[in-house]
Structures are given as structure tokens and as C-alpha cells.
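Input: a single structure, listed below in C-alpha cells.
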Amino acid sequence: MSEAVYDAAALQDKWRPVWEEIDPFRAGQRAGAEKRYALTMFPYPSGDLHMGHAEVMALHDIIARYWWQRGYDVLNPIGWDSFGLPAENAAIKRDEHPKVYTYANIETQAESFRRYAVSFDWSRRLHTSDPEYYRWTQWLFLKFRERGLAYRKNSPVNWCPHDQTVLANEQVVGGLCERCSAVVTKRELNQWYFKVTDYAQRLLDDMDSLADTWPERVLAMQRNWIGRSEGAHVDFDIALADGSGGTERVTVFTTRPDTLYGATFMVVAADAALAGQLVAPEQRGALETYLAEVRKASDIDRLASDRPKSGVDLGVTATNPLTGEQMPVWASDYVLADYGTGAIMAVPAHDQRDLDFAREFGLPVRRVVDTGEENPEQSWVATTGNGVYVNSGALDGLDDKAAGIHRIIEQLEADGRGTGTVNFRLRDWLLSRQRFWGAPIPIIHCDTCGEVPVPEDQLPVVLPDDLRGADLKPKGVSPLAAAESWVNVDCPTCGGPAKRDSDTMDTFVDSSWYYLRYVSPHEEGAPFDAEALREWGPIDQYVGGVEHAILHLLYSRFFTKVLYDLGMLDFTEPFTALLNQGQVINGGKAMSKSLGNGVNLGEMIDEFGVDAVRLTLVFAGPPEDDIDWADLSPGGSLKFLQRAWRLAGDVASEPGAAVQDGDPALRKATHKTLAEAEQLIEGHRFNVVVARTMELVNATRKAIDSGCGPADPAVREAAEAVAILLSLVAPYTAEEMWERLGHQPTVARAGWPSVDPALLVEDAVTAVVQIKGKVKARLEVSPSVSAADLEQLALADPAVQRALDGAQIRKVIVREPKLVNIVV
RNA sequence: GCCCCGGUAGCCCAACGGCAGAGGCAAUGUGCUCAAACCACAUCCAGUGUGGGUUCGAAUCCCACCCGGGGCACCA
């Protein structure tokens, strides 16, 4: 018996150079094979890899490596999302250019990925901060702009005072900056937007095609975020109080046009321009004062829902388009300027917010739907359910909400006073950032020609190389604005003096199309090669964290649809299937510096080896569940790998031994394991695959020690199956096993063993006999036993006879060959 | 408040509506050893959050509730 010992570090050193030589995972090497595109969300280069990366890569790699074993031609690329704030902040601190930090970290991470043995095709590596990449980010921006999907507007925007930049709506979480948790404030700025709202309905509709392959909760979150609501636009005429005698038509959005008879006042958003246009001269001062207060309040204050309602009377009246009734117009911050039309009709009886406002300011409440509950005028609880219409003209007596809504919309449309409509919660995507380390927006501002796109042949607009440290300090405008030699250019149209747009793009723009670039990462004439994309796209399996459920995934879906409309793609959804891995936590809490509960990945690998760490993370539980490092046992994983490895050393037959003569019981176990593993992997139930592999190792051990013995060909077959199963999770151990079994590298391309269906059939099965659902006897029967025979056998069984004790049999349910249930 | 996901041995987790236990951790014991570790073998441990319902039969399907996690929330 060999005295060899299992040394994880030695295996890593031994096999890495061999694999780099063989380069087994280069895509496009299997002519004629079906193509599969596996993608893991590319990392941001902050420091070295951590446990979270280790988990997602281990899970993702199972899928990619399984596909290789199954004979597919697999594209599994890697790159870096390498623009972004941390590099810029590090550069300020260290007085250097952000690229220094960025590219140093990328090298560190790349080295770690190689050691971690993820089956990436390294030849396709990309970095979003490379000019060769962001040139196309800029090009795409210009295409969007040509199509009217990128535009500039003045608007109150989310401002992070810490990072000194604006934020998209998606980057504000509970009134705080998603990145740094600073309290977000509002600023009125002129900024670039992508018109994602144009795609709201399609983003919603196309989710139907993802229903079976994306996690339900991600779809739910996106639906929630898009926030479709059906209702109506209703026009109100407002008599202006400027002495002109004129009127202004104001449109409101409502989901309950059927309650129009109950509208007793109107409210416009205090911070909308409309408020300033409508306000009566004598109320202007009050509005200004109120507005100043509103502006001071942060989103955090606004989010406190128990906050009393505030507002100011604008001193004008609106006319109810159905009844002609006059109603006062107020301004308040509970109406949002950027949702709907920024104005509402208030129906206090049937909307709690309106009711609170009415109570605060003594405005009338009129019930128009009797739901059988207490009248809101007395209870101060708005009723929103179905009921009988009252005080509602022609609607009176009707008791169907849907019909009521329908009839009022019909009426409004007939009168030219309104229309049925759909509104979305989704806002356009604010993409400008007042920071340095991002793709410059390729626009030149010329006093004569206005906004001029940088001509395509002048792309990329490259970031200057000579800014560092203090030059990059955030000052509320982009550091690029101060880079004189960079910002001042000749206008491409008239040749006169002009300035570059000094903002950079949100880094989510970079990551909204990187998966397309991978199919042809060195393409120089286009962002991607359309032919290559037809071969590889869309992504068959995307793996990554649920934290991108809205941001990255929604933006990428939007980009894909726009590029489809531009005729550049032939699919409308980028990610056919999505797997969200859970988090790795420790001791019940997320790992964090402040808690001091971080687990260092490098140290774990040094102690247990890459394979044991990967195995531990995969075996811990279902991929989408959070896993607690404190519950896990990398030592146990290592022990198992050693057991498996030892099998390979014990096999005493030669490669190619006549397996059909092998021990039938062990052969059945092997083939059953393989057959089951196929199903389990396809269902992403990787933890169970590991358990099945452990069982097979145990069975093989038993066969060697106390069964058919090490020379039986079935033992070799089992050990080889173990090596191939392990090649998905523990590549170093698997490769070493493969070599000890007398094969050439690499086991990663050994191919999935074909399962012999004959070996999946059991010789005998245990049938259980139940009486009233309780097990009373077990019978060994043939798998092909007939229902009648099984019933006879069951009734004849002495234990059953005893249990029946002469009771009258009412019914016998037979599920051959597994079960008989006797009802007495 | 609304919407998703989950609750099975001391712990992590399995179980096409059909024997509650596959696998692992921990614990205990036996063998190996001068001894310990390693290793091998064995043993121990829950009736599935609670209450109803459907069914011949429910961890699994349905309803209500409790607990935990996540998302959304002054969006008219």
C-alpha cells in the first residue's frame, strides 16, 4: 500500500501549471457542439477575494464544469467592473491615480481566481476601465441619445453629500446612500438620464418568459420597483388669481376615478413648478416659506409615515369636471413632484393620506362609497374597499368598483375631460456622476452649436492620466471640470472654443452590457460581433448576488431591449436563467470589520486547501440559502476529500478493465449516483450531489475492505465516477485521483460517464403494507410485481393478518411495487 | 401596512402526496496505539412551528395564526 499522503497545497502547486499548459476551458474549441454561456457577475476590484466570491464562484463553476463534462462548448468568461468610487477614494488618500489601485487589485484577484481554479476562459478577460472597453460604453451612450433615450433635464435629484455626487433612484435605500449610508438630500441639477420609463411595460411583460428560470423573489422585486398602476388622467380647470381671469388646465393621475364625486380639494406637489404657477399673489409668501421648510427636510424625514400632514392653501379654486363643483387647491409635500402629474384630486373619504390632510386643515370629507364600515367623516379611517356608490350621480346604487371606474373613464373621455391611463413608479435612470473614475460622457458643450456629440472616430474620450490625489477630491462638480487641458476643446461642428461634459457615467452603465462584449472581447469595429453573439447569446445561466435584483439586472434588461430595437441583437432578455447565491455569514451575522467576525478566505485556503473550502461552501446547504460559517466544517470536508483520494490509490485493476464483470451491487450504486447527480445538478441542488458522492465513496470503501475487493473492476468504475463528480467541486483532488487511476490530465475534460439504464433497475424492492396509513409489514418483491399479486401477498402476510384481526376490509389501495394500504 | 422566502434530531441539512433520515458536524463507544492524534467501525438523537381542512395516506396540498429573514412603502 502506498505511503503517499494527501497534501492540498502540494496538489495545488502540482496541477496549476499543468492546467495552464493544457488550457482546457477556452471557449469555441468544440466544433459542432452545442454552445452554452455561463456567466458569474463580474467582481469589483476592491482588495482580494473574500468568502462571498469564494461561494459564488464555487457554485457557478459546478455548472460550467458540468457542461464541459456533458460535451457542450462552454463560454465562461471573467472580467472586472473596474470603474468606481473606492479606487478614487484610495487614490485621494494615497496621492496617486485611481488606475494604480484598480489594476493592482485586479492582478491580486486574478491570481486568487487562478489558484481557486475557476474554469474561466482567461483569453476573454476585460476591464470596464480600459479605454478599449469604455470607448464602446460611450458609443452606446451616443446611440441611445440618437434614439432619444438619453437626454438632459433639470430636476431635483438625489445628492449624496459624502460622496459628493448625484445618485439614481435605485441607489437610494431608505433615504440613505446605498454605498456609504449618508443621508441623501435633494438638489436641483441639470443631468443626463436614460429613458428607461419608455420600456417599463416591456420590462414588466417580458418577465413572464423568466417565470420558471428566475427566482420568484427577484421578479417580485422588479415588479414592485416598476410599480405599474392603472387609473385615469382627469383634467381640472383652475381659475387663476392673477387678475387675468384666465384658467389653467391641470391634469391629475388617480387610480380611483370612480371616487371623483368625493373629491373635495386638490393638492399639488409643493416642490413642483406648477405650485408656483398657480399660487395666488397673496399666498406666494406663504408658499415660499413652506417650500423652504420642505427643502430642508431630508428623505429620511419624509419617510416617517406618522409625520403630521403639512401644506399651504394656494388661494385658487379648481372645478370638478363632472359636477362643476369648486374646490380649493393646496400645495403639500405628501404629493410627489415626479410621480404621476405631480398633482392629485383629494378624496379624503377613501384615501387615508387625503383624510389625514383634510383633518389637519379642516377640509370637507364626503363619502361616495358605502362599504358598510363606519363613515370616514366620523371614524377618520378612510375606506378603500368595494361598496355601494352614494352621492355619485349616475353611479348611485352600483356596487362594482371595476364597473364604476370603467364608467367614469368613459364619461370623462366622452367629455374630453380625461382619459384612462397607466402610470409607473419607475423613474428614468439618472446616469451622470460628478466623479472622476468612470467613463466620460462623450458630449461637447459649445456656446454656438449647443450640445454636440463627440464624433465616433474621436472615441474614446480618454480620462486624463495626470490627475492624482488632491486633484480628485470631491467638490460637488466633477474633478474633470478643473482639468483645463482636458475640458477645453474645439467644437467638432464649428471649430470654436467649447468644453467637454465633465461628468462621468454611473458605473452601472458599464456593467449593463459587459456580457455582450465577452463574445468578442477584442473586436475593434463594434461593441461586439453580432455573429459571435448569435452563436453564444443569450446567457444560459447567470449566477450572482440578490443585491443586484433591481439595479444591475433591471438596467441590463433595459439595455438588451434597446439594442434589440437598434437591430444589434436577436434576443430581448439577456439572462435566460438566474441563480442567486445566499450570503456567507458568521455566527448569525454578516461578516464585518466592526464586528470582527470576518473569516479570511486566504487563511482558510492555507489551512484546508482550495478544494476543501469549495466543498464546504457547496455542501453547506441549498445555494440560494444564507450559510453560516460557524455551522460549517472545512476540516470535515478535508477528511472526505482524503477518503475519496485514498480510494484512487487502492484501486488494483488496470484502466479499461472489463467493467461488465464487476460487482453488480457496487455498479448499481455508481450508476444510480450518476443518474441522480444529473438531475440534481440541473436543479441546482449541489449540496445533495455532494451527499450522494459521499455515499458512493462510503460504498466503495466498503467494497474494497469487506466486499468484492480492490481488484474488482466495479471498484475502478466507482472511483472514476467519484473523480468525475469531484471534478466539478474539488478540481485538484479530482485531478490527482485521475492520475492515480492511470489517466492523463485532465479529468475536467474526461466526459460524463454514460449511465447504463439496466443498472438502474432494482432486483427487488421493499414494499410496505400499511393499515390505515400505519406500516404493519414489509415485503421483498420484484419491481415488476402486478397490483393483484402484490395485494394477495400483502393480505397473506402473517403480520398483516394479525394486525387485521378479522376486521372488515373496506378498500385496498395498491401502488405497486412500493406500497399497499388497507382501509378497514 | 403590503408582497416574497423559510421553520424537520444538539447543529447544518435530505425526503416524486406513500417506511420521517441520504450525507455531514458534534457527542458516545469499540478497534488500531505505550499513549494521543489520525484512521476504521458502531451507537445515540426529531415525528416535521401551532391549529384546522382535503386525502385511504400530509413534512409535502389548502386555510388561519406564530416565529425568523428579505423586499416595498405618503407612488394618488
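The chains referred to below are lettered A, B, ... by the order of the sequence lines, with proteins before strands, and numbering in each begins at 1.
B:A14 makes up no base pair with any nucleotide shown, lacking Watson-Crick or G-U wobble contacts both under 3.5 Å. Across the strands present, B:C32 finds no partner; the criterion is a Watson-Crick or G-U wobble pair with both atom distances under 3.5 angstrom. The partner of B:A37, taking Watson-Crick or G-U wobble pairs whose two distances both stay under 3.5 Å, does not exist in any strand shown.
Legend: residues meeting side chain to side chain donor-acceptor pair (under 3.5 Å) with A:Ser181, ordered by chain and number and at least two apart, are absent. Applying the salt bridge (Lys or Arg N to Asp or Glu O under 4.0 Å) rule to A:Lys401 yields no partners; only residues at least two apart in sequence or on another chain are considered. Applying the side chain to side chain donor-acceptor pair (under 3.5 Å) rule to A:Thr419 yields the partners A:Glu413; only residues at least two apart in sequence or on another chain are considered. Residues meeting the side chain to side chain donor-acceptor pair (under 3.5 Å) test with A:Glu791, sequence neighbours left out: none.
No close placement of the A:Phe640 and A:Phe619 rings is indicated, their centers lying 6.0 Å or farther apart.
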Sort me out a list of protein N/O and nucleotides 39-43 of chain B N/O pairs below 3.5 Å, or just none if empty.
unit_1: B:A40; atom_1: OP1; unit_2: A:Arg643; atom_2: NH1; d: 2.4

Could you list all N or O pairs between the protein and nucleotides 1-3 of chain B that sit under 3.5 Å apart?
none

Could I get a table of every N or O pair under 3.5 Å where one atom is in the protein and the other is in nucleotides 53-57 of chain B?
unit_1: B:C56; atom_1: O2; unit_2: A:Asn821; atom_2: ND2; d: 2.2

Report each atom pair, protein N/O against N/O of nucleotides 7-14 of chain B, whose distance is under 3.5 angstrom.
unit_1: B:C12; atom_1: O2'; unit_2: A:Ala620; atom_2: O; d: 3.0
unit_1: B:C13; atom_1: O3'; unit_2: A:Asn687; atom_2: ND2; d: 3.3
unit_1: B:A14; atom_1: OP1; unit_2: A:Asn687; atom_2: ND2; d: 3.1
unit_1: B:A14; atom_1: O3'; unit_2: A:Arg685; atom_2: NH2; d: 3.3

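Each side-chain hydrogen bond (donor to acceptor under 3.5 Å, both in side chains) pair with one or both residues in residues 616-629 of chain A, not counting sequence neighbours, appears once here: A:Thr616-A:Ser637. Within the structure, ring pair (Phe, Tyr, Trp, His ring centres under 6.0 Å) pairs that include any residue of residues 685-710 of chain A comprise A:His684-A:Phe686 (at least two apart or interchain).
Of the residues in residues 210-217 of chain A, those with a non-hydrogen atom less than 4.0 angstrom from any atom of RNA chain B are A:Arg217.
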Could you pull out every donor-acceptor pair under 3.5 Å between side chains of residues 253-262 of chain A and any protein atom, sequence neighbours left out?
unit_1: A:Thr254; atom_1: OG1; unit_2: A:Arg256; atom_2: N; d: 2.9
unit_1: A:Arg256; atom_1: NE; unit_2: A:Asp258; atom_2: OD1; d: 3.0
unit_1: A:Arg256; atom_1: NE; unit_2: A:Asp258; atom_2: OD2; d: 3.3
unit_1: A:Arg256; atom_1: NH1; unit_2: A:Thr384; atom_2: O; d: 3.4
unit_1: A:Arg256; atom_1: NH2; unit_2: A:Asp258; atom_2: OD2; d: 3.0
unit_1: A:Asp258; atom_1: OD2; unit_2: A:Tyr389; atom_2: OH; d: 2.5
unit_1: A:Thr259; atom_1: OG1; unit_2: A:Arg256; atom_2: O; d: 2.7

